[in-house]
Each structure stands twice: as C-alpha cells, then as structure tokens.
There are 2 protein chains.
Amino acid sequence: MRSNDNYSKDSTKLDEARNRFISEIAKNIHLYNITPSAGRLYGTVFFSKEPMTLDDMSKAMAMSKTSMSTGIRSLLDAHMVERVWERGIRKDLYKVEGDWYKSFSNVFINRWKNATELNMSAIQETKELLHELIQETEYEEIRNEAKEDLEKLTEAEDYYYWLIDVIALFETGKIFDIVPKRSRK
Amino acid sequence: MRSNDNYSKDSTKLDEARNRFISEIAKNIHLYNITPSAGRLYGTVFFSKEPMTLDDMSKAMAMSKTSMSTGIRSLLDAHMVERVWERGIRKDLYKVEGDWYKSFSNVFINRWKNATELNMSAIQETKELLHELIQETEYEEIRNEAKEDLEKLTEAEDYYYWLIDVIALFETGKIFDIVPKRSRK
DNA sequence: TGTTACGTACAGTTTTTTCTGAACAAACTT
DNA sequence: AAGTTTGTTCAGAAAAAACTGTACGTAACA
C-alpha cells in the first residue's frame, strides 16, 4: 500500500495549504462584519471544486448543519456566496461569488455606508436636541456647554460628509478610474 | 427649590443629547476594530470640557478603573485619544484627538493595511506550498486540484494588490486631492 | 527613607456570543 | 395521501469576551 500512503500524504498537504489561507481569511474577516466561523466557511466553499450543499459543508467543517445554515445565510446576505441550481439535485447548492472586487467591495461599501449614515443622523439628531436646549435653558453654564458640544459635533459632521463622498467613490465605481483593477488575464 | 429642579432637568437633557451620539458611535465603532465599550469611552472623553483622568472616566461611566485603563489604552494605540500633561497634576490626563480626519482615517488605514498585508502573505505562502506540491506529487488528480487552487488564489491576489493601492491613496493623503475635505471654518 | 498615589497584571466572575440537537414546516417523491 | 428529504427555528449548552477587585510595582512626595 505504499502508493496509497503517498496519496493521502499529498492530499493532506493540499489540505494544509488550503487551511493556511482559510485561517488567515477567518482572522481578518471581522473587518467586514462577518464572524470568523463564517469566514472559514467562505474559505471552504472557495476551494471547493463543485458547489457545496449544507451537508457537504457540515462534513468538511465538522460542524453542525445548523451552523452551516446560519453561516451561509450571512455570506449570502453579504453577497459573498451565491446559490446555484443543478438539475436533479434537490439540495441547495452554494458557490462563492468569483469576482473578489465585486464581493468584497460590496460588503465593504454596504457596511460602511450603513454605519456612516447612522452616525450622521445621530449627529444631526443630537444637534437638534442641543439647539432646543440652548433656546430653552435659563442657565448660562448649560448654554455654553451645549454650544461647545455643537462645535465639536459640527467638526465630526464634516468628517462624515467627507466619508460619504469617499464611499460614493466606491459605490459608483469611480474608484476604478483612479486605482485601476489589476488583472493579469 | 424650583430653579434647582430646572437646572438638573436641563443638565439631564444635555446628558441625554450627548448619549444619543455616544450610543451610535459605540454601535458602529467595531468597524474600526474597537470594542463598543471603548467606543463609549471615546464618546465620554469627546464631550468632556477638560482632559480626563482614569478616575474621572470611571466615575462618568460607572465602570471599574481597570476597564478604563484597558479601554483608554486601545484608544491610545489607535491614536484616537492622546495623553496630555498639566503641571501640578500627577494623574494621566487624556483628551480626544480633535481632528477626525486624522484619527479616524489613521485607525482605518492601520487596521486595513495590517489585515491586507497578512492576507496577502497568506496567499503567497499558500501559493508556494501548492507549487511545491505540484512538483512533488505523482498523482495527476492532486496536481490538477492544486493548479485550480493556484488560479483562484491569483485572482484573489489581484484584488489584494488593488486594495493595497487603495490604502496607499489614504496613507499618502492623495485621497484629499480627489475628495476634498469639507471644512466650514 | 518611609509613605502615599497611581496605573496595570492577573485570576475569577459575569455577560455575551456562538454552537448544537431536537422539533418543526415546507417541498418533493412515490 | 403518506412518507421522505431538506432547511430553519428555538431553547439550552459550550465557548469566548468583557468586566471587576485584589494585589503589586513604580514613581512622586515628605
């Protein structure tokens, strides 16, 4: 059985190589607001030759099907994987979105856009509250504090306006005119 | 005590306004790889008229001094707050970095640069492992799988090269030529 | 030099998040 | 229509993270 031993040895090496990459992805994926576990799932599907079913993933990752279900859903929401159909197969099949520019940029844009807009409206709401307080209060001290707060918030607001512009750069794809895609194809 | 009641009422209003903003910051700060709790701490120091000591923060946030210590350290590492000295005061004093462009962009750049470089070197290492395997293995099947992996990784690599270029845009400040700062001063 | 004030390391506790298996519902098969 | 197969919901278990108080080292003060 010498050659069989070699085969499993090489097979293990392949797995180890893949794991090297998967682990690193998982470690940094939180910047995209995705859990490490879902990151590993992404990596697993990434290397799969064929689209995978939940059962395939469950087996490959030695984790429950439930976790695969929730994990793949988060990747699906983030448009990092997509569902594919194959005739004769009843189970749902998933594969990774092949275009990294698309999948990763989209996640990034959505997360940041969302966060920025929320922060922005929080600023505006806070400013309104402070304006009201300045009008209403009879205490000079409070009025002054509120005014200082308003100034600080206005500076923060400027930053967020800028950030929104930056995000738009990515959203519209103009960023690719400035920093061209690197494609060796 | 009528006027005293009014004062505490207005004072509460001021706090509520500030809290509105702080809570939102805390909710989204994780995109900068900072814990919500440290985000709230940031917000607290942000609104403080004077630089704060650990004891001030502890009191203001009703949390242990230990937590303030670790929280402020993470903000310090991220250059979102800075230490200031005042003569006659032995305790460490902290205030927020006033320039949001500076503080938030820096955090963003550092986190992303770091993550991207790690991912990039993981890709390169994985590619090397795969090249070795292709050379060594006697099994056509494994060789083919490895070759497919290599192709996929090369595509990912292109994306990361691009991402590094994008990050450089922010690092060098060229982004401000493209998307100018919004300043109403 | 002794004393006090200050920040942080560490171990244990609490809180939050992640993961799992059982039960369920919808869709397919026969 | 009855019986499978498949994905998801939900409550509880396991794991991870955040928080706290005690204890300690260092630096300022007297």
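Naming: A, B, ... by sequence-line order, numbering from 1 per chain. Not measured: the values here are computed from a predicted model. As a basis for the values below, the full set of heavy atoms in this structure was taken, side chains included, without hydrogen atoms, waters or symmetry mates.
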Distances for protein N/O vs nucleotides 26-30 of chain D N/O pairs under 3.5 angstrom?
none

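On the nucleic acid side, DNA chain C has its first and last nucleotide under 4.0 Å of a heavy atom of chain A at C:dT18 to C:dT29, going 5' to 3'.
Using a 4.0 Å cut-off on heavy atoms, the residues of residues 55-69 of chain B that approach DNA chain C are B:Lys65, B:Thr66, B:Ser69, listed by number. Residues from residues 33-51 of chain B lying near DNA chain D, meaning a heavy-atom separation below 4.0 Å, are B:Thr35, B:Ser37 in numerical order.
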Check: residues 70-81 of chain A side-chain donor-acceptor pairs under 3.5 Å, at least two apart:
residue: A:Thr70; atom: OG1; partner: A:Thr66; partner atom: O; Å: 3.4
residue: A:Thr70; atom: OG1; partner: A:Ser67; partner atom: O; Å: 3.0
residue: A:Ser74; atom: OG; partner: A:Gly71; partner atom: O; Å: 2.8

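In the hydrophobic clustering (ILVMFWY side chains linked at under 4.5 Å, chained through shared members), A:Leu118 stands by itself. Counting Ile, Leu, Val, Met, Phe, Trp and Tyr side chains that sit under 4.5 Å apart, directly or through other members, B:Ile89 shares a hydrophobic cluster with B:Val84, B:Leu93. Using a 4.5 Å cut-off between side-chain heavy atoms of Ile, Leu, Val, Met, Phe, Trp and Tyr, B:Leu129 forms no hydrophobic cluster with any other residue.
Using cut-offs of 30° and 60° for the angle between ring planes, the A:Phe104 and B:Tyr159 rings count as tilted. The aromatic rings of B:Phe46 and B:Tyr42 sit parallel to each other, their planes meeting at less than 30°, with 60° as the upper class boundary.
Counted by atom type alone, A:Tyr7 and B:Glu138 present zero donor-acceptor pairs between their side chains at under 3.5 Å. No side-chain donor-acceptor contact under 3.5 Å links A:Tyr139 and B:Asp10. For the residue pair A:Asp15/A:Thr12, the side-chain donor-acceptor check at 3.5 Å is not satisfied.
The terminal axes of the helix from C:dT1-D:dA30 to C:dT30-D:dA1, fitted over 5 pairs per end, subtend an angle of 10° to the nearest 10°.
In this structure, CG of A:Leu76 is placed 14 Å from C1' of D:dT8, rounded to the nearest angstrom.
At least one donor-acceptor pair under 3.5 Å links the side chain of A:Arg111 to the backbone N or O of A:Tyr32.
Sorted by first then second residue, the salt bridge (charged side-chain N to carboxylate O under 4.0 Å, His left out) pairs that include residues 18-28 of chain A, not counting sequence neighbours, are A:Arg18-B:Glu145, A:Arg18-B:Asp149, A:Arg20-A:Glu24, A:Arg20-B:Glu125, A:Glu24-A:Lys27. Sequence neighbours left out, the pairs with a member in residues 162-177 of chain B that pass side chain to side chain donor-acceptor pair (under 3.5 Å) are A:Arg182-B:Asp165, B:Lys113-B:Glu171.
With sequence neighbours excluded, the residues forming a salt bridge (Lys or Arg N to Asp or Glu O under 4.0 Å) with B:Asp92 are B:Arg83, listed by chain and number.
Note on A:Lys181 versus B:Asp158: no salt bridge recorded, every NZ/NE/NH1/NH2 to OD/OE distance being 4.0 Å or above.
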